[in-house]
There are 2 protein chains.
Amino acid sequence: MTDSPGGTGTGPAAPRRRGRPPRASVDTGPGTRERILAAARAEFSDRGYDKTSMRGIAKAAGVDAALVHHYFGTKDEVFAAAVEVDFEPALTLSAVLGHDLDGVGERLARYFLSVWENPATRTPLIAVIRSALTHEAAAKVLRGFVLRRLLERVAADLKVPDPRFRAELAASHMIGIAIMRYVLEVEPLASADPESIVELVAPTLQRYLTEA
Amino acid sequence: MTDSPGGTGTGPAAPRRRGRPPRASVDTGPGTRERILAAARAEFSDRGYDKTSMRGIAKAAGVDAALVHHYFGTKDEVFAAAVEVDFEPALTLSAVLGHDLDGVGERLARYFLSVWENPATRTPLIAVIRSALTHEAAAKVLRGFVLRRLLERVAADLKVPDPRFRAELAASHMIGIAIMRYVLEVEPLASADPESIVELVAPTLQRYLTEA
DNA sequence: GTCTATATCGTGATAGAC
DNA sequence: GTCTATCACGATATAGAC
């Protein structure tokens, strides 16, 4: 059984490579992979998971559709790679929660807006939120990563009854703002000065997170 | 012209109704049309616009797919008919905003939760929200109807600077709560007692809508 | 490594039999 | 009124030529 390349010579004995790793490992192309990822992020962010097609990603990246499959495999894997945001929130969150809880509302509001005002971090976040309401994989990302890890971290430092509940109320407000301002782009919220939002929202967060 | 039922007696003279309107007015079926609408609401609510198919609606309603087309025409029309909520918000809103702005935060929070706790009103709302982030027609419904008409009505009564902005901040919080509690079903928010939510959220709304 | 060609499926919508 | 049959289209994914 199992042809060894040499064999007896009876057939053409096309030497079928045996040990070749299944997925392209060398990655010679210049920035092809990165271009595809950037295009995927933009597409998922603009259209959400379902309405984004592999063809559309490929066209936006200027490559062939089969290449996307070649690099990432299935569509779900493209999505996962596209929204995988590398910033480590634990670090920055420590600075936000910081030493005491005085002024945590304002620091949190400002941190939240800074993340969303920066296009590099905003794009994958919009992609996740847009897709989370209709696609289960995206919902898992939102629930598991953003909410679980962030909320647990925040709730751990609170000194109020039902800290998890308080943290979720704060999060619900920020998610609502993100949707209306960055996804739905409802005016005048969409064009409002970030500082004017901080000014009004900070006391709310402060109350949820600290006031008994 | 036009046969009178008695006639001359030549035929069996089955008395054909004369004024019969073109589209099934009598609705002979038990509640076929209503069953389709209910199934459509459920499907749109569970899956969002894009992932809901005419075939799926038909199967859930126990009818043929072509019937859905026959009754409603296009998929967009089915959606429009399914989410068209008949409650007149202007009336109830008047009671919420009421005479003075004292306690408007609590009345608004309680009204908001009562609408979402009632399955009859919740289902089409979830359908709209689920679809709004990916489907333009649904976004139009949310933007134009819910936000425009409700927000304008609320903002008109406020006595603060930037009333529209204030009303949107309040709305963003309620939308965020609706998404986390009813769509994503994040715990413990999803199972929390409505009154405990009112208790914490009411002061926030009150401040946004009244405090200078 | 890159792309052409294609297999397979599900979609919305329509025409027409009964 | 209800359903069968079908069209035209776009989707994911794969096989294989160069």
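Throughout, a chain's letter reflects where its sequence line sits, starting with A, and its residues are numbered from 1.
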- [ ] Enumerate the residue pairs fulfilling salt bridge (charged side-chain N to carboxylate O under 4.0 Å, His left out) with a member in residues 65-81 of chain B, sequence neighbours excluded, ordered by first and then second residue.
- [x] none
Task: Minimum-distance nucleotide (side-chain atoms of A:D64 versus D:dT2, C:dT2, C:dC3) - done: C:dC3
- [ ] Would you kindly give the CZ-to-C1' distance between A:F72 and D:dT14, to the nearest whole Å?
- [x] 18 Å
Open item on the list: Which residues in residues 132-140 of chain B have a heavy atom closer than 4.0 Å to any atom of DNA chain D?
Closed with: none
Task: Atom-pair distance (CG on A:L67; P on D:dA15), nearest Å - done: 17 Å
Open item on the list: When you compare the side chain of A:L205 with that of A:M174, does any pair of heavy atoms fall below 4.5 Å?
Closed with: yes
Open item on the list: Any heavy-atom pair between the side chains of A:V128 and A:F44 that's under 4.5 Å?
Closed with: no
TODO: Nearest whole angstrom, please: distance from the P of C:dG1 to the CD1 of A:I36.
DONE: 14 Å
Task: Contact letters for nucleotides 12-18 of chain C, in which S counts primed atoms plus P, OP1 and OP2 and B counts the base, heavy atoms under 4.0 Å - done: BBB----
- [ ] Provide, to the nearest angstrom, the distance between the NZ atom belonging to A:K59 and the P atom belonging to C:dC3.
- [x] 15 Å
Task: Pairs flagged by side chain to side chain donor-acceptor pair (under 3.5 Å) wherever residues 138-148 of chain B is involved - sequence neighbours left out - done: B:E136-B:R143
Task: Geometric class of the A:F79/A:H135 ring pair [parallel <30°, tilted 30-60°, perpendicular >60°] - done: perpendicular
Open item on the list: Can you tell me if B:Y71 touches the phosphate of D:dG1, counting only side-chain N or O atoms and a distance under 4.0 Å to OP1 or OP2?
Closed with: no
Open item on the list: Test of understanding: with ring pair (Phe, Tyr, Trp, His ring centres under 6.0 Å), list the residues that count as partners of B:Y208, not counting sequence neighbours.
Closed with: A:H173
Open item on the list: Can you pull out every salt bridge (charged side-chain N to carboxylate O under 4.0 Å, His left out) where at least one residue sits in residues 174-188 of chain A? Sequence neighbours excluded, please.
Closed with: A:E117-A:R181
- [ ] Please examine the side chains of B:L108 and B:L209, heavy atoms only from C-beta on, and report whether any two atoms are closer than 4.5 Å.
- [x] yes
- [ ] Using atom CZ of B:R47 as one end and atom C1' of C:dG10 as the other, report the distance to the nearest whole Å.
- [x] 14 Å
